[in-house]
Asks: 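Sharing a structure, written as structure tokens. Questions coming.
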There are 2 protein chains.
Amino acid sequence: MKRKCFGEDLCPVARSLEAVGDVWSVLIVREAFAGKRRFGEFERALGVAKNILTVRLRKLVAFGVLEQVPAADGPRHEYVLTERGRGLYLVLMALRQWGEDCGGESPYVLVDRRDGQPVKPLAFHAHDDRELGPDDMELVPAAEVKRR
Amino acid sequence: MKRKCFGEDLCPVARSLEAVGDVWSVLIVREAFAGKRRFGEFERALGVAKNILTVRLRKLVAFGVLEQVPAADGPRHEYVLTERGRGLYLVLMALRQWGEDCGGESPYVLVDRRDGQPVKPLAFHAHDDRELGPDDMELVPAAEVKRR
DNA sequence: CCGTATCCATTCCGATACTG
DNA sequence: CAGTATCGGAATGGATACGG
């Protein structure tokens with residue numbers, strides 16, 4: 001994967017993919033949201049090879065998605081999501097929602113902790129709260145918006 | 001990437017990644033949303049090798065993200081997003097939003113076509129419309145929710 | 001327990017040449 | 001234009017052995 005193709009691309013999508021554009025990274029973040037913190041936890045949960053896991057964890061730390069914090073118990077450290085990393089929740093849940101909509105079993109439901117009720121499906125809303133589909137929106141240069 | 005690791009995984013996130021878990025596929029879908037339809041359009045827009053593009057397009061068609069339709073002009077065909085493929089809009093925009101939040105330039109803004117106003121940032125909402133963060137939600141077995 | 005280092009097979013990617 | 005075929009180099013992945 002050559003950098004020149006999309007690494008220095010201006011598109012934020014491409015920039016995001018630079019950080020989490022491979023399967024293992026996404027799954028590691030998923031496990032991190034599930035509460036996993038230790039090297040071994042990720043290893044067992046994902047069945048990923050140690051060397052690959054090492055590289056991926058380093059990459060995620062380098063991109064500010066995870067950070068290493070000293071473990072309370074031992075001399076080791078743990079990997080926890082940074083604020084930036086926690087921002088990936090929407091990406092993960094968007095992927096999850098799409099995977100569900102594609103059929104197949106969905107044994108889990110995302111619920112509000114406060115009342116246990118399912119949350120509303122992820123969707124875009126206009127400033128007056130109308131729900132918007134892909135065709136109702138467009139990307140325009142920032143300069144154009146400011147003029148309105 | 002071995003199938004046994006996450007291919008037959010029950011997690012919808014993993015299932016989604018099976019279809020669009022590589023960078024090229026995501027970027028192809030991005031271009032499809034931007035209106036690209038032809039082989040050559042994707043090729044030039046992304047600078048991807050022909051053979052890679054061929055494989056990716058085939059894969060996206062196989063997963064029902066794209067479909068081939070006969071082109072109006074020539075004997076060729078075009079690749080257009082299916083309904084399922086259009087469902088990836090949220091994933092793409094979640095990635096975009098995250099990429100923007102990570103800093104860097106964001107020359108484009110997502111606006112409502114109807115009034116040109118920026119749309120609200122993507123976020124989860126409870127059934128009473130409270131905005132929910134990652135810690136306000138949890139995934140619970142579907143069976144548990146039905147009981148409430 | 002948490003990695004690092006090494007080896008090897010497989011895959012991926014880009015470039016090029018070629019076909020209809 | 002829209003691929004297919006092929007090739008070499010690079011990266012990835014899994015397994016294993018090793019070290020702190």
Side-chain angles (χ1 to χ4, degrees), chain A residues 1-9 14 17-32 35-63 66-80, chain B residues 1-9 14 17-32 35-63 66-80:
Chain A
M1 207 77 60
K2 278 298 184 41
R3 301 297 116 148
K4 66 174 163 61
C5 293
F6 47 86
E8 48 197 45
D9 196 328
L17 292 177
E18 194 78 7
V20 290
D22 66 283
V23 179
W24 287 130
S25 294
V26 177
L27 295 181
I28 287 170
V29 172
R30 183 192 71 182
E31 294 304 319
K36 305 287 198 309
R37 305 164 70 96
R38 307 292 284 255
F39 187 94
E41 288 183 302
F42 292 112
E43 186 188 5
R44 282 188 304 277
L46 299 175
V48 58
K50 287 168 181 285
N51 49 359
I52 302 296
L53 181 57
T54 298
V55 172
R56 289 299 185 278
L57 287 174
R58 244 204 283 278
K59 182 176 136 192
L60 289 171
V61 169
F63 276 98
L66 297 177
E67 63 181 342
Q68 293 181 317
V69 302
D73 57 333
R76 307 293 176 175
H77 49 265
E78 304 181 332
Y79 300 89
V80 302
Chain B
M1 208 75 62
K2 279 296 183 45
R3 300 298 113 146
K4 66 174 162 62
C5 295
F6 47 86
E8 49 198 43
D9 196 328
L17 292 176
E18 192 78 8
V20 290
D22 66 283
V23 179
W24 286 131
S25 294
V26 178
L27 294 181
I28 288 170
V29 172
R30 182 192 72 180
E31 294 304 320
K36 304 290 198 311
R37 305 163 70 95
R38 307 291 285 256
F39 187 95
E41 288 183 303
F42 292 111
E43 186 189 4
R44 281 188 306 276
L46 299 175
V48 58
K50 287 169 181 284
N51 49 0
I52 303 296
L53 181 56
T54 298
V55 172
R56 288 299 183 279
L57 287 174
R58 245 203 282 278
K59 182 176 136 192
L60 289 170
V61 169
F63 275 98
L66 297 176
E67 63 181 342
Q68 293 180 317
V69 301
D73 57 333
R76 307 293 178 176
H77 50 264
E78 302 182 333
Y79 300 89
V80 301

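We name chains A, B, ... by the order of the sequence lines, and we start the count at 1 in each one.
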Asks: Compute the angle between the rotation axes at the two ends of the helix from C/dG3-D/dC18 to C/dG20-D/dC1, each taken over five pairs, rounded to 10 degrees.
Replies: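 It comes to 30° between the two terminal axes.
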Asks: For nucleotides 4-7 of chain C, which of its nitrogen or oxygen atoms have a protein nitrogen or oxygen under 3.5 Å away, and what is each distance?
Replies:
unit_1: C/dT4; atom_1: OP1; unit_2: A/Arg58; atom_2: NH1; d: 3.1
unit_1: C/dT4; atom_1: OP2; unit_2: A/Thr54; atom_2: OG1; d: 3.4
unit_1: C/dT6; atom_1: O4; unit_2: A/Asn51; atom_2: ND2; d: 3.1

Asks: Report the C-alpha separation of B/Asp22 and B/Arg56 in whole Å, then their side-chain angles, then the decisive distance to 0.1 Å, and conclude whether the side-chain contact (heavy atoms from CB on, under 4.5 Å) test is met.
Replies: CA-CA 9 Å; B/Asp22 66 283; B/Arg56 288 299 183 279; 2.4 Å; yes
Asks: When all nucleic acid strands are considered with a 4.0 Å heavy-atom cut-off, which category describes A/Tyr79: base, sugar-phosphate, or nothing?
Replies: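 A/Tyr79: backbone/sugar contact only, no base atoms under 4.0 Å.
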Asks: Got a list of side-chain donor-acceptor pairs under 3.5 Å for residues 38-50 of chain A, not counting sequence neighbours?
Replies:
unit_1: A/Arg38; atom_1: NH1; unit_2: A/Asp73; atom_2: OD1; d: 3.3
unit_1: A/Arg38; atom_1: NH1; unit_2: A/Glu78; atom_2: OE2; d: 3.2
unit_1: A/Glu41; atom_1: OE1; unit_2: A/Arg37; atom_2: N; d: 2.8
unit_1: A/Glu41; atom_1: OE1; unit_2: A/Arg38; atom_2: N; d: 2.8
unit_1: A/Arg44; atom_1: NH1; unit_2: A/Gly40; atom_2: O; d: 3.4

Asks: So, does A/Trp24 get its side chain near the phosphate of D/dA11, meaning an N or O under 4.0 Å from OP1 or OP2?
Replies: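 It does not, given that no N or O in the side chain of A/Trp24 lies less than 4.0 Å from OP1 or OP2 of D/dA11.
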Asks: Hey, are the side chains of A/Val29 and A/Leu66 touching, using non-hydrogen atoms and a 4.5 Å cut-off?
Replies: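 Answer no - side chains too far apart.
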Asks: From CZ of B/Phe42 over to C1' of D/dA2, roughly how many Å is that when rounded to an integer?
Replies: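 It is 13 Å, rounded to the nearest whole Å.
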Asks: Take A/Ile52 and B/His77, find for each the nucleotide of DNA chain D with the closest heavy atom, and name the residue whose nucleotide sits nearer the 5' end.
Replies: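 Closest to the 5' end, via its nearest nucleotide, is B/His77.
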Asks: Respond yes when some side-chain nitrogen or oxygen of A/Arg56 is under 4.0 Å from OP1 or OP2 of D/dG13, and no when none is.
Replies: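 Result: yes.
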Asks: What do the steps show when you test B/Arg58 against B/Thr54 for side-chain contact (heavy atoms from CB on, under 4.5 Å), and what is the final call?
Replies: CA-CA 6 Å; B/Arg58 245 203 282 278; B/Thr54 298; 3.3 Å; yes
Asks: What is the distance, rounded to the nearest whole Å, between atom CG of B/Asp22 and atom P of D/dT12?
Replies: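 Nearest whole value for this atom pair: 13 Å.
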Asks: Report the distance from atom CZ of B/Arg44 to atom C1' of C/dG14, rounded to the nearest whole Å.
Replies: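 Computing the B/Arg44:CZ to C/dG14:C1' distance gives 18 Å.
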Asks: Examine the side chains of B/Glu67 and B/Tyr79 and answer whether a donor and an acceptor come within less than 3.5 Å of each other.
Replies: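 Note: B/Glu67 and B/Tyr79 side chains miss the donor-acceptor criterion.
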Asks: Compare side-chain N and O positions of B/Arg38 against OP1 and OP2 of D/dC1 and report whether any pair is under 4.0 Å apart.
Replies: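 Result: no.
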Asks: With a cut-off of less than 4.0 Å, is there a side-chain N or O of B/Arg76 near OP1 or OP2 of C/dG20?
Replies: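 No, no such contact exists.
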Asks: Taking NZ from A/Lys59 and C1' from D/dT12, how many angstroms apart are they, rounded to a whole number?
Replies: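 Taking NZ of A/Lys59 and C1' of D/dT12, I get 12 Å after rounding.
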